[in-house]
Undergrad: 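This is the structure, below, for whatever I ask next.
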Amino acid sequence: MNVLTDQLNRPLKDLRISVIDRCNFRCPYCMPQAQYHQHYEFLKNEDWLRFDEIIRLTKIFTTLGVHKVRLTGGEPLLRPQLPELIQKLAQIQNIDDLALTTNGSLLETYAKELKTAGLQRLTISLDALNETTFLAMSGQKGSAQQVLRGIEKAQEIGFADIKINIVIKRGVNDQHFMDIIKYFRGTGIIVRFIEYMDVGTCNHWEQSQVVANKEIHTAIHQQFPLQALEANYFGEVAKRYAFADGRGEIGFISSVSQPFCSDCTRLRLSTDGKIYTCLFASEGVDLRTPLREGAADEELLQIIKNCWQKRSDQYSENRSLLRSLKSPRQKIEMYKIGG
Ligand code: SAM
Ligand code: SF4
Ligand code: SF4
């Protein structure tokens, strides 16, 4: 297979599929309640890509180099019959990594079905153990206990590769991350810190609310000495560290303080069938219309190829400049493309 590369010579390797644009949380950094209230109109069900459409597109993506697939949302576990989709994706040749990102609130219920369907890896977002802080981060939805029960269940039924994503927001949960470190040290579960990003248009992001991962690393290192680890593969976004006492590892995804656009090999497929080449993209390329109008695989492949070949995104490398522009760019919302 010829490697498909973009304008900055980055190959296409990973596909993130957003299976639903709805969520049962209202994390203020992603879907603030004030904007996503009870009368907000999400996509209609007929606008969602159907499973057969997702499978068809995914097969085409794999011919262009995709070998890792992550399901996300919104909250992916709200998509009816999700295990059916997983089962079909798991059968696609050339996909060697099939993962899901979830807020964990429904994991206790679905962990077994997900595993049986062939899901390989789980990433669970958990921003605090303290319930008051958890609620501040989730927009007053769910509970840390519920997420922890889901994680326990997932471990119990045999998910071996579980990661926790924690977003830190200064003044909200930055005093509580050590609880999470202590809780998961020695369990085989890897906690990864994600810097709070200026995704979308409604979280009122300010640089002062970002806690650089360096600060978190220093605090953890003082209590539990850390040693740097090699990346697992080219393009790994998390910088890995092992606890020097052998009780596992943690990771840092420093999209704001140390951007990694030069290694970015990810393409995102939205619930309504548009592809986005960057988390901060203004526009996507519609695949659903040609798909539903009867386009042949070769035509769809050509659209995807053109889109990737034109790609020159490196928003995070140019954040300050782009944010200082007089007319700020439109940005896709994170919950539509799933992070
Ligand atoms: N609902 C699922 C969840 O929360 O895990 C999947 C979708 S969510 C959009 C994917 C990831 O994006 C989560 O780990 C979430 O914490 C992260 N995220 C959302 N908004 C963010 C922001 N402004 N900065 C950094 N990460 C963010
Ligand atoms: Fe929902 Fe995930 Fe966004 Fe939180 S981060 S509002 S859980 S989609
Ligand atoms: Fe990739 Fe865009 Fe993030 Fe850079 S800013 S790492 S190009 S998604």
Side-chain angles (χ1 to χ4, degrees), residues 6-8 10 12-14 16-33 35-36 42 70-79 99-107 122-128 134 137-142 147 150 163-169 172-173 191-206 209-211 213 235-237 253-256 258-268 270-271 276-282 308 311-319 322 329 331-339:
D6 70 6
Q7 294 291 309
L8 302 173
R10 297 169 295 190
L12 167 61
K13 293 187 176 181
D14 320 53
R16 303 211 161 174
I17 305 174
S18 174
V19 291
I20 191 161
D21 64 338
R22 295 164 202 221
C23 188
N24 52 352
F25 282 14
R26 285 291 179 273
C27 310
Y29 54 73
C30 176
M31 281 179 104
Q33 175 71 42
Q35 182 139 348
Y36 299 100
F42 290 96
R70 176 173 294 276
L71 297 174
T72 172
E75 175 43 45
L77 298 185
L78 291 177
R79 175 84 191 234
L100 173 117
T101 307
T102 171
N103 64 25
S105 58
L106 299 168
L107 194 55
L122 268 174
T123 300
I124 299 141
S125 306
L126 176 59
D127 296 334
F134 179 96
M137 293 299 283
S138 72
Q140 307 300 317
K141 307 284 182 187
V147 178
K163 295 196 177 74
I164 304 294
N165 275 356
I166 165 167
V167 174
I168 302 286
K169 209 170 156 190
V172 185
N173 64 340
V191 174
R192 299 186 317 171
F193 290 87
I194 304 183
E195 285 175 348
Y196 172 39
M197 292 183 283
D198 52 334
V199 285
T201 54
C202 50
N203 60 14
H204 307 295
W205 183 90
E206 283 174 30
Q209 299 166 319
V210 179
V211 179
N213 273 337
E236 186 172 35
V237 294
I253 302 178
S254 311
S255 349
V256 179
Q258 290 178 292
F260 37 77
C261 298
S262 57
D263 291 348
C264 182
T265 54
R266 290 176 294 283
L267 183 65
R268 286 145 174 113
S270 66
T271 311
Y276 292 84
T277 56
C278 179
L279 260 186
F280 300 88
S282 312
W308 191 263
R311 175 185 194 239
S312 60
D313 308 275
Q314 41 183 347
Y315 177 90
S316 290
E317 308 274 1
N318 301 320
R319 176 171 278 108
L322 291 169
R329 61 195 267 148
K331 287 183 284 180
I332 181 72
E333 302 301 331
M334 180 85 149
Y335 74 88
K336 292 188 177 169
I337 52 169

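Please read these numbers as outputs of a predicted model, since none were measured by experiment. Order of appearance sets the numbers: ligands from 1, and atoms from 1 within every ligand. Because only heavy atoms are used, hydrogens play no part in the values below, and waters and symmetry mates are left out as well, while side chains stay in.
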Undergrad: Within a distance under 4.0 Å of any heavy atom of G74, pick out the atoms of ligand 2 and give their elements.
TA: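 Result: 8 (S).
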
Undergrad: Ignoring hydrogens, what is the shortest heavy-atom contact between D127 and V167? Give both atom names and the distance.
TA: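 Looking at all heavy atoms of both residues, the closest pair is OD1-N, 3.0 Å.
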
Undergrad: I need the minimum non-hydrogen distance between K169 and N173, along with the two atoms involved.
TA: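 Closest approach of K169 to N173, heavy atoms only: N-OD1, 2.8 Å.
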
Undergrad: Measuring from each atom of ligand 1, which residues have a heavy atom under 4.0 Å away?
TA: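 Those residues closer than 4.0 Å to ligand 1 by some heavy atom are Y29, C30, T72, G73, G74, E75, T101, T102, N103, S125, N165, V167, I194, E195, Y196, M197, V199, N203, M334, G338.
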
Undergrad: Give a yes/no on ligand 2: does S125 have at least one heavy atom closer than 4.0 angstrom to it?
TA: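 It does not; every heavy atom stays at 4.0 Å or beyond.
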
Undergrad: I'd like to check which ligand 2 atoms, numbered from 1 as shown, lie under 4.0 Å from a non-hydrogen atom of C27.
TA: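 Once the distances to C27 are compared, the set is 4 (Fe), 5 (S), 6 (S), 7 (S).
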
Undergrad: Could I get the full list of side chain to side chain contact (heavy atoms under 4.5 Å, CB included) partners for N203, not counting sequence neighbours?
TA: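 Y196, V199, W205.
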
Undergrad: Considering non-hydrogen atoms of the protein only, which is the closest contact for atom 1 (Fe) of ligand 2, and what is the distance?
TA: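 Answer, as residue, atom name and distance: C23 SG, 2.3 Å.
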
Undergrad: Distance under 4.0 Å to a non-hydrogen atom of N103: what atoms of ligand 2 satisfy this?
TA: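 Atoms satisfying the 4.0 Å criterion: 7 (S).
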
Undergrad: At a cut-off of 2.8 Å, what protein N/O/S atoms sit near atom 2 (Fe) of ligand 3?
TA: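 Listed by chain and number, the nearby protein N, O or S atoms are C278 SG.
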
Undergrad: Restricting to non-hydrogen atoms, name the atom on P259 and the atom on S316 that form the minimum distance, rounded to 0.1 Å.
TA: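 Reported closest heavy-atom pair: CG-O, 3.4 Å.
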
Undergrad: Residues in side chain to side chain contact (heavy atoms under 4.5 Å, CB included) with V237, at least two apart?
TA: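 Per chain and number, V237 pairs via side chain to side chain contact (heavy atoms under 4.5 Å, CB included) with I253, F260, R266.
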
Undergrad: Assess R268 for proximity to ligand 3: is some non-hydrogen atom of it under 4.0 Å away?
TA: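 R268: in contact with ligand 3 (<4.0 Å).
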
Undergrad: Please determine if R16 forms a cation-pi arrangement with Y276, meaning its NZ or CZ atom is less than 6.0 Å from the six-membered ring centre and no more than 45° off the ring axis.
TA: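 Pair R16/Y276 does not count as cation-pi.
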
